[in-house]
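Data first, discussion second: the structure below is written as structure tokens.
In the text below, chain A, chain B and the rest are named by the order of the sequence lines, each starting its count at 1.
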Amino acid sequence: MAELRAPRGMHDLLPDDEALFEHVVGTATRVARSFDYHLIRTPIVEDAGVFLRTAGDESDIVSKEMYLFEDRGGDRLALRPEGTAGVARAYLEHGMASRPQPVRLFYWGPFFRYDRPQAGRYRQLHQFGVECIGDASPEADVEVIELQREIYRALGLTDLVLRVNSIGTAATRRAYEDALRKHFEPHLATLSADSRRRFQTNVLRILDSKEDAGHEAVRTAPSILEHLSVEDMAHWDRVGALLDDLDMAYEVDPRIVRGLDYYTHTVWEFEPRSAGGQSTVGAGGRYDGLIEAIGGPATPGVGWASGIERLMLNISGEPGGESGVATAALDAITVPLGSDGVRACLRAAAVLRAAGYAVRNGTPGRSMRAALRSADASGARFAVIAGDREAAAGTVQLKTLTGSGEQVEVPLDELAARLAEDAQG
RNA sequence: GUGGGUGUCGCCUAGCGGCAAGGCGCCAGGUUGUGGCCCUGGAGACCGGGGGUUCGAAUCCCCUCACCCACCCCA
């Protein structure tokens with residue numbers, strides 16, 4: 001066992017799995033672009049304030065999961081635990097409010113949460129996400145949900161259930177929180193310690209406590225939907241109508257309240273129907289208060305993020321899901337014999353690569369038998385063989401590896417054309 | 001933070017007090033410069049680490065570490 005290992009909860013993505021990763025990111029990128037969303041790359045490290053001011057003190061992300069450190073200059077920095085706050089910071093910093101609104105952005109990359117690792121849960125995880133900033137309409141909510149659903153569909157994930165809720169605005173939430181506190185107060189003694197703490201700090205989150213999920217008081221708690229203002233209700237109803245128009249099946253789930261404080265109005269998540277533990281594949285919401293929280297003008301926004309590892313997990317589970325992922329094919333491998341042959345092979349490989357082919361340099365110093373064995377194992381369609389004889393003649397032997405192994409001697413300057421011809425037939 | 005499970009060549013697995021085996025993969029050979037199948041050989045493991053019991057420990061006991069799974073929480 002190697003002495004030095006990858007940090008806990010962080011993993012090497014080896015070439016085999018990387019192909020699936022790229023498939024997920026590539027597919028999501030393609031679909032996002034088809035909705036006119038544009039890639040934004042923000043730093044993996046941000047001023048800690050970006051997250052401290054937005055996520056809420058009681059959120060798990062801030063209270064126990066964030067990687068915090070001071071750099072050599074004394075700045076307080078954080079490894080980003082989520083994507084929205086950084087994108088919002090960039091929106092503000094670069095004056096994107098003066099671009100045509102809304103600004104449609106997508107991103108993907110690593111995020112960090114100091115959490116106990118588990119199936120589908122990592123300390124370095126990767127997310128793909130989109131943000132639509134500068135549009136307060138329910139249409140924007142549904143646009144990003146539709147985009148999300150289309151990505152999942154393109155990845156072959158059709159058995160996901162969409163759960164939606166509205167948590168209103170900050171004002172309606174305060175009223176609802178009062179009602180909740182009134183409701184839970186008589187039951188405090190029978191609730192879990194965690195819920196009692198949340199009663200003080202963030203009473204909403206008692207609702208998504210798994211520990212107390214079966215508790216009578218939790219099940220009979222008033223629904224936030226009954227406390228929405230007229231405006232909230234109009235937004236919420238419109239979202240439902242638009243989802244219906246797009247034939248998007250969804251379930252209303254009043255228990256979704258989101259782990260982060262900046263959410264308002266519509267919140268949702270996508271989960272596999274066969275719900276396991278760490279199963280949420282993607283979740284999103286509207287965050288109209290976020291940009292104000294980091295010092296900008298009141299700016300509406302809505303977006304979601306999806307865990308790439310969780311998508312990969314679900315794609316692997318889908319019948320035939322992985323088979324659609326092609327690994328890069330090798331066109332040719334060289335078989336160098338003798339020291340002049342090595343030089344001839346290097347020239348031949350350069351010629352073929354210039355013509356757009358993928359070519360592996362064969363290891364020099366091997367017997368022809370060994371070289372052809374590894375050529376066969378490489379999956380290359382052709383072997384390009386050159387020894388001292390070919391080097392002197394300015395030619396190479398072009399051998400087919402896929403079939404019976406026909407071989408022709410070809411002048412170096414005709415090699416690329418000849419390979420194209422043979423690849424046809 | 002709390003539980004449970006698992007640690008034997010790069011990967012998979014056998015061995016469960018008496019010389020650490022096999023498969024895959026890797027390297028080489030099977031008479032001159034020709035692959036796949038087959039055959040032969042080789043390299044590669046202080047049996048996660050430390051301590052103890054024993055004539056003798058991969059094997060039994062204790063401690064520790066790592067990974068996995070679950071709770072919690074989330075993507």
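Looking at heavy-atom distances under 4.0 Å, A/V281 makes contact with sugar-phosphate atoms alone, never a base. A/A375 comes within 4.0 angstrom of no nucleic acid atom, judged by non-hydrogen atoms across all strands.
At a threshold of 4.5 Å between non-hydrogen side-chain atoms, the residues A/V24 and A/M312 count as touching. Side chains of A/F106 and A/I40 form no contact here, defined as non-hydrogen atoms less than 4.5 Å apart. Put simply, the side chain of A/L105 does not reach to within 4.5 Å of the side chain of A/V130, judged on heavy atoms. Contact check for A/H11 versus A/Y122: side-chain heavy atoms found under the 4.5 Å cut-off. Counting heavy atoms from C-beta outward, A/L79 and A/F69 have side chains that approach closer than 4.5 Å.
Stem analysis of RNA chain B (at least three stacked-register Watson-Crick or G-U pairs, each with both distances under 3.5 Å) gives B:1-7 with B:65-71, B:10-13 with B:21-24, B:26-30 with B:38-42, B:48-52 with B:60-64.
Rounded to whole Å, the P atom of B/rU40 lies 12 Å from the corresponding atom of B/rG22. Taking atom C1' on both B/rG50 and B/rC9, the two are 23 Å apart, rounded to the nearest angstrom. Rounded to whole Å, the C1' atom of B/rC39 lies 48 Å from the corresponding atom of B/rU53. Taking the C1' atom of each, B/rG23 and B/rG35 are spaced 23 Å apart, rounded to whole Å. Of the P atoms belonging to B/rU59 and B/rA20, the separation is 13 Å, rounded to the nearest Å. Look at the P atom in both B/rC65 and B/rG49: the space between them is 15 Å, to the nearest Å. As rounded to the nearest Å, B/rG17 and B/rC61 have C1' atoms that lie 13 Å from one another. Of the C1' atoms belonging to B/rC26 and B/rU31, the separation is 25 Å, rounded to the nearest Å.
When rounded to the nearest whole Å, the span between CD of A/Q124 and P of B/rA75 equals 17 Å. Between the CH2 atom of A/W268 and the P atom of B/rA75 there is a distance of 12 Å, rounded to whole Å. Nucleotide B/rA75 holds its C1' atom 18 Å from the CZ atom of A/F106, rounded to whole Å. Remark: P of B/rA75 and CG of A/L79 are 17 Å apart, rounded to the nearest angstrom. Atoms OH (A/Y152) and P (B/rA75) sit 11 Å apart, rounded to a whole Å.
Surrounding CZ of A/R76 are at most 12 heavy atoms belonging to other residues, nucleotides or ligands under 6.0 Å away. Environment of CZ in A/R353: crowded, with over 12 heavy atoms of neighbouring residues, nucleotides or ligands closer than 6.0 Å. Residue A/Q407 qualifies as enclosed at atom CD: its count of foreign heavy atoms under 6.0 Å is above 12.
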Under 3.5 Å, which protein N or O atoms sit close to an N or O of nucleotides 41-44 of chain B? Give each pair with its distance.
none

For nucleotides 34-37 of chain B, print each protein N/O atom paired with a nucleotide N/O atom at under 3.5 Å, atom names and distance only.
unit_1: B/rU34; atom_1: O2; unit_2: A/K399; atom_2: NZ; d: 3.1
unit_1: B/rU34; atom_1: O2; unit_2: A/Q407; atom_2: OE1; d: 3.2
unit_1: B/rU34; atom_1: N3; unit_2: A/Q407; atom_2: OE1; d: 2.6
unit_1: B/rU34; atom_1: N3; unit_2: A/Q407; atom_2: NE2; d: 3.2
unit_1: B/rU34; atom_1: O4; unit_2: A/Q407; atom_2: NE2; d: 2.5
unit_1: B/rG35; atom_1: O2'; unit_2: A/L372; atom_2: O; d: 3.4
unit_1: B/rG35; atom_1: O6; unit_2: A/S404; atom_2: O; d: 3.0
unit_1: B/rG35; atom_1: O6; unit_2: A/G405; atom_2: N; d: 3.1
unit_1: B/rG35; atom_1: N1; unit_2: A/L401; atom_2: O; d: 3.0
unit_1: B/rG35; atom_1: N2; unit_2: A/D376; atom_2: OD1; d: 2.6
unit_1: B/rG35; atom_1: N2; unit_2: A/L401; atom_2: O; d: 2.1
unit_1: B/rG35; atom_1: N3; unit_2: A/D376; atom_2: OD1; d: 3.1
unit_1: B/rG36; atom_1: OP1; unit_2: A/R373; atom_2: NE; d: 3.4
unit_1: B/rG36; atom_1: O4'; unit_2: A/D376; atom_2: OD2; d: 2.9
unit_1: B/rG36; atom_1: N1; unit_2: A/G403; atom_2: O; d: 3.1
unit_1: B/rG36; atom_1: N2; unit_2: A/T402; atom_2: O; d: 3.4

Between the protein and nucleotides 64-67 of chain B, which nitrogen or oxygen pairs come in under 3.5 angstrom?
unit_1: B/rC67; atom_1: OP2; unit_2: A/R8; atom_2: NE; d: 3.1

Restricting both atoms to N or O, compile the protein contacts to nucleotides 1-5 of chain B shorter than 3.5 Å, with distance only.
unit_1: B/rU2; atom_1: O4; unit_2: A/R116; atom_2: NH1; d: 2.3

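Using a 30° and 60° split on the angle between ring planes, A/H183 and A/H187 fall in the tilted class, from 30° to 60°. A/H235 and A/H265 have parallel rings, their planes meeting at less than 30° on a 0 to 90° scale where 60° marks the start of perpendicular.
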Step by step, would you call A/E93 with A/R89 a salt bridge (charged side-chain N to carboxylate O under 4.0 Å, His left out)?
CA-CA 6 Å; A/E93 182 171 337; A/R89 192 227 80 231; 3.1 Å; yes

Applying side chain to side chain donor-acceptor pair (under 3.5 Å) to A/Y287 and A/E131, what does each step give before you reach the verdict?
CA-CA 10 Å; A/Y287 45 84; A/E131 311 294 352; 2.6 Å; yes

Please assess A/D178 against A/K182 for the test salt bridge (charged side-chain N to carboxylate O under 4.0 Å, His left out), listing each intermediate value before the final yes or no.
CA-CA 6 Å; A/D178 288 343; A/K182 208 166 288 172; over 6 Å; no

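One finds a side-chain N or O of A/Q118 lying less than 4.0 angstrom from the OP1 or OP2 phosphate oxygen of B/rA70. Note on A/S367: a side-chain N or O is less than 4.0 Å away from OP1 or OP2 of B/rG29.
Between A/Y67 and A/Y114, the ring centre distance stays below 6.0 Å. In summary, the aromatic rings of A/Y152 and A/F270 are positioned with their centroids under 6.0 Å apart.
For A/R373, the side-chain contact (heavy atoms from CB on, under 4.5 Å) partners are A/R369, not counting sequence neighbours.
Of the candidates B/rC72, B/rG33, B/rA75, the closest approach to any side-chain atom of A/Y122 belongs to B/rA75. Out of B/rC74, B/rC27, B/rC73, the shortest distance to the side chain of A/R366 is found at B/rC27.
Remark on RNA chain B: of its neighbouring residues A/A386 and A/A370, the 5'-side contact belongs to A/A370, judged by nearest-heavy-atom nucleotide.
For A/E269 and B/rC74, a side-chain-to-base donor-acceptor distance below 3.5 Å is absent, hydrogens and geometry of angles not being considered.
Judged purely by distance below 3.5 Å, without hydrogens or angles, the side chains of A/T395 and A/E390 never pair a donor atom with an acceptor atom.
When the options A/R149, A/R104, A/R286 are evaluated for a salt bridge (Lys or Arg N to Asp or Glu O under 4.0 Å) with A/E143, the one that passes is A/R104.
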